[in-house]
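Written below as structure tokens is the structure these notes are about.
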Amino acid sequence: MTISSDTSSYIAGNFLAGAGNSFHAWDPVNNLALASCGSCGTEELQKAAHAAQSAAPVLAKKSGQQIAEFLQTLATEIENLGEQLIATGMAESGLPEARLQGERGRTCGQIRAFAELVQDGSWVQASIDTAIADRQPLPKPDIRSQLTALGPVAVFGASNFPFAFGSLGGDSAAALAAGNPIIVKGHPSHPATSTLFAQAMDKAIRSCDFPSGTFALLQGDGHQLGGDLVAHPSVKAVGFTGSVAGGRALMDIAAKRPEPIPVYAEMGSINPVFIMPDVLQNNSDSVAAGLAASIAMGAGQFCTSPGLIVTLAGDFAEQTSKHLAQQARGHMLNPGIANAFKQSVATRCEDQDIELLTGGAGAENPLQPENSLMKVSAKNFIAKPELLEEIFGPVSLLVECQNIKEMQDVAEAMEGNLTATIHTQAYDQPELKPLLEQLSKVAGRVLFNGYPTGVEVCPSMQHGGPYPASSAPATTSVGAAAIFRFTSRHAFQNCPDSLLPAALQNANPLNIWRQLNGQPSQAAITQ
Ligand code: NAP
């Protein structure tokens, strides 16, 4: 398999080298510097923003059919990148071949799912309330509304999913599907992977005759470029996956703009797993084994990695520790993440209230750290809010409680999370309902008797949660509903039928499902 060393930016249909400082990605498995890449600056950002602004009205007028064809072509072009995409992604992330093959399937699958959604057209949520001229005391006007494209969207991909949350990942697919141009700030860990995606996009744009400003890739290392992109007046929304620090910085920049814009950021989560007493008595060893595998999976570099285990004092800590010590060690994604992990584990180990059960910060090669488990009492956990902070990597903290009341107290101390998990078969125990109620307040998704790693891509999925898991808990970054983030709703009052957008016209020429006077309907309106 050949690794691509081409590391370009892509602006208005042209591949170019950013004129600023150069940086390079790192192969974490072979501990090697990869090809260097030039950073974009103000001039490149201006060009990308100008092209996106020109493309926005053209894209907003594309039919669902045209956008669907474009997305289908894009998915095919990504597949046509072949093994070079896999080899390049492996070199830039250290992720194994099978994982990246699966991730490519997921990436193309989610693009195709959005294609189907926009082809059907009903996603625009057309809603029509017809006039009642003789209503008393005042006539009721005719009001019709629908979702429409927002304008250029800035997208920031994550280090841990170079494809599915990368330059053409879920946020990009959702924003494009809604009819928006996108400007991607390439992740500095994957410049060559991002360049390959830009090549696929270039082919799709040309073959479907879409405007050249439909997509831009701005490569760069350092926060200035991303901050300037979010501050740019042409940008109308942001999709972000990554750290709390990064997401929060971009939320603050967006809020301080003369025209504030929405930031849809998916950030930190410790994904608590509650093990109820009946499990400790019945099948604790198999749950401990499953949990250990989930902690070590992908070297813990999943946003849904179980970073917190809450249970009663007993053998479970030792059982989990034993299974975790038997798990293979994975590779960290890049030296920055490896060093941050080592530092955070070392800091926790210095805390006298925390007991290290297995692993620790002592691995010779920080790029291949030990899988670690620590233990703390519920009392100390609740007293130390810093223990709510995520450590990105293969580590979990087990909170030992004296009774179920303490388990509930720990749940009450939680911040926002992407997931929370409950292990139990005793569904009639009285403590379960209050625990579930609390966890469903603080987590986007509550799972029973499973492990949080692994996110099904389907319409009912909720991948989000209260801050700091996400910046907008009513939204999801996975599944069809992700499209709604990059839209705005506009209403027309007493507008002549011939001037209405097709989705709102009486004849229903798109044959979509609409809300008609509060009821779902596919019928034409006869007046
Ligand atoms: P990241 O460091 O937040 O970077 C994501 C993207 O945002 C990159 O393109 C980065 O580029 C940019 N960025 C970061 N901070 C910025 C700022 N202040 N202003 C403007 N742009 C900024 O996330 P990551 O690389 O995926 O992961 C690194 C850390 O994120 C980990 O150590 C971990 O603690 C945390 N984390 C990530 C995830 C995830 O799902 N990815 C989940 C949990 C935790 P520049 O650096 O070039 O600005």
Side-chain angles (χ1 to χ4, degrees), residues 9 18 20-26 28 37-41 45 92-93 95 154-167 169-172 183-191 193-194 217-232 235 238-254 256 263 265-271 298-307 332-345 366 369 389-395 416-419 452-453 455 463-465 468-471 477-478:
S9 287
N21 291 344
S22 65
F23 64 98
H24 57 79
W26 198 267
C37 178
S39 291
C40 291
L45 170 58
E92 291 192 327
S93 68
L95 293 170
V155 176
F156 294 75
S159 56
N160 57 343
F161 277 91
F163 300 170
F165 285 91
S167 296
D171 284 347
S172 294
I183 304 175
V184 172
K185 153 69 176 68
H187 197 288
S189 285
H190 326 127
T193 304
S194 294
L217 168 66
L218 301 177
Q219 304 261 25
D221 185 18
H223 303 337
Q224 187 72 37
L225 175 62
D228 289 350
L229 172 60
V230 171
H232 198 285
V235 171
V238 180
F240 172 92
T241 311
S243 62
V244 177
R248 182 60 199 243
L250 297 178
M251 285 164 67
D252 291 345
I253 291 170
K256 284 191 190 127
V263 176
E266 186 222 310
M267 301 171 283
S269 184
I270 56 174
N271 306 299
Q301 298 163 115
F302 283 110
C303 44
T304 51
S305 189
M332 301 306 276
L333 293 156
N334 62 45
I337 288 180
N339 290 330
F341 178 75
K342 184 181 164 113
Q343 184 58 54
S344 302
V345 172
E389 274 169 35
E390 177 184 20
I391 301 182
F392 193 62
V395 62
N417 273 281
L418 293 169
T419 70
T453 38
V455 180
H463 195 61
S470 92
S471 57
S477 64
V478 173

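Counting convention: from 1, in listed order, for ligands and their atoms alike.
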Checklist outcome for this item: Per-atom filter on ligand 1: closer than 4.0 angstrom to a heavy atom of Gly220 are 47 (O)
Checklist entry - Nearest protein heavy atom to atom 40 (O) of ligand 1, by residue and atom, and its distance? => result Asn160 ND2, 3.3 Å
Checklist outcome for this item: Correct closest heavy-atom pair for Ala25 and Pro191 would be CB-CD, 3.6 Å
Next on the checklist: With rounding to the nearest 0.5 angstrom, report the CD to OG distance, Gln224 to Ser39.
Outcome noted: 11.5 Å
Next on the checklist: I want to know if ligand 1 touches Ala249 in the polar sense, i.e. an N/O pair below 3.5 angstrom.
Outcome noted: no
Item to check | Option whose closest heavy atom lies nearest to atom 37 (C) of ligand 1, chosen from Ala154, Gly242, Ser39 | outcome: Gly242
Checklist outcome for this item: dist Ser243:OG -> Ile337:CD1 (nearest 0.5 Å) comes out at 9.0 Å
Next on the checklist: Show the atoms of ligand 1 that are less than 4.0 angstrom away from any heavy atom in Cys303.
Outcome noted: 40 (O)
Checklist outcome for this item: atom 47 (O) of ligand 1: closest protein heavy atom, distance to 0.1 Å, is Gly222 N, 2.9 Å
Next on the checklist: How about CG on Asn21, more than 12 heavy atoms from neighbouring residues, nucleotides or ligands closer than 6.0 Å, or not?
Outcome noted: no
Checklist outcome for this item: In this structure, CZ of Phe23 is separated from OG of Ser189 (nearest 0.5 Å) by 9.0 Å
Next on the checklist: I'd like to check whether Ser243 has a polar contact with ligand 1, where a contact means an N/O of the residue lying under 3.5 Å from an N/O of the ligand.
Outcome noted: yes
Item to check | For Asp221, the ligand 1 atoms whose distance to one of its heavy atoms is below 4.0 Å | outcome: 47 (O)
Checklist entry - Does Thr241 reach the side chain of Phe161, with side-chain heavy atoms less than 4.5 Å apart? => result no
Next on the checklist: Could you go through Val395 and Phe341, starting from their C-alpha distance and side-chain angles, then the distance that decides it, and tell me whether this counts as side chain to side chain contact (heavy atoms under 4.5 Å, CB included)?
Outcome noted: CA-CA 9 Å; Val395 62; Phe341 178 75; 3.6 Å; yes
Item to check | Residue, atom name and distance, where the atom is the protein heavy atom closest to atom 32 (O) of ligand 1 | outcome: Ile337 CG1, 3.7 Å
Item to check | Shortest non-hydrogen separation from Leu333 to Pro28 and the atoms involved | outcome: O-CG, 3.5 Å
Item to check | Ser159 OG to His190 NE2 distance, which is reported to the nearest 0.5 Å | outcome: 6.0 Å
Item to check | Glu390 side chain near Cys303 side chain, heavy-atom distance below 4.5 Å | outcome: no
Next on the checklist: Can you confirm whether Phe392 sits close enough to Asn160 that some side-chain heavy atom of one is under 4.5 Å from a side-chain heavy atom of the other?
Outcome noted: yes
Item to check | Under-4.0 Å heavy-atom contact with ligand 1, by part of Leu250 that carries it | outcome: side chain
Next on the checklist: Under the criterion side chain to side chain contact (heavy atoms under 4.5 Å, CB included), I'd like the reasoning laid out for Asn417 against Ile270: C-alpha separation, chi angles, the key distance, then a yes or no.
Outcome noted: CA-CA 6 Å; Asn417 273 281; Ile270 56 174; 3.5 Å; yes
Checklist entry - atom 7 (O) of ligand 1: which of Phe341, Phe161, Phe240, Phe23 has the nearest heavy atom? => result Phe240
Checklist entry - What do we get for Ala158 next to ligand 1 when only non-hydrogen atoms under 4.0 Å count, side chain, backbone, both or neither? => result both
Checklist entry - Do Val184 and Ser194 have side-chain heavy atoms sitting under 4.5 Å apart? => result no
Checklist entry - Stepwise, does the side chain to side chain contact (heavy atoms under 4.5 Å, CB included) test hold for Phe240 with Val230? => result CA-CA 11 Å; Phe240 172 92; Val230 171; over 6 Å; no
Checklist entry - ligand 1 and Thr241, any nitrogen or oxygen pair closer than 3.5 angstrom? => result no
Checklist entry - Applying a strict 4.0 Å limit to heavy atoms, is Phe165 in contact with ligand 1? => result no
Item to check | Residue and atom name of the nearest protein heavy atom (relative to atom 36 (N) of ligand 1), distance in Å to one decimal | outcome: Phe392 CD1, 3.8 Å
Checklist entry - In ligand 1, which numbered atoms sit nearer than 4.0 Å to a non-hydrogen atom of Glu390? => result 43 (C), 44 (C)
Checklist outcome for this item: In this structure, atom 27 (O) of ligand 1 is nearest to the protein heavy atom Ser159 OG, 3.4 Å
Item to check | Closest approach of any protein heavy atom to atom 9 (O) of ligand 1, naming residue and atom | outcome: Lys185 NZ, 3.2 Å
Checklist outcome for this item: Candidates Gly246, Gly226, Gly300, Pro162; heavy atom nearest atom 15 (N) of ligand 1 found on Gly246
Checklist entry - What residue and atom, counting heavy atoms only, is the protein's closest point to atom 17 (C) of ligand 1, and at what distance? => result His223 CG, 3.4 Å
Checklist entry - Which heavy atom of the protein is the closest neighbour of atom 4 (O) of ligand 1, given with residue, atom name and distance? => result His187 NE2, 3.9 Å
Checklist entry - Under 4.0 angstrom from ligand 1, any heavy atom of Ala340? => result no
Checklist entry - Do any nitrogen or oxygen atoms of Glu266 come within less than 3.5 Å of a nitrogen or oxygen of ligand 1? => result no
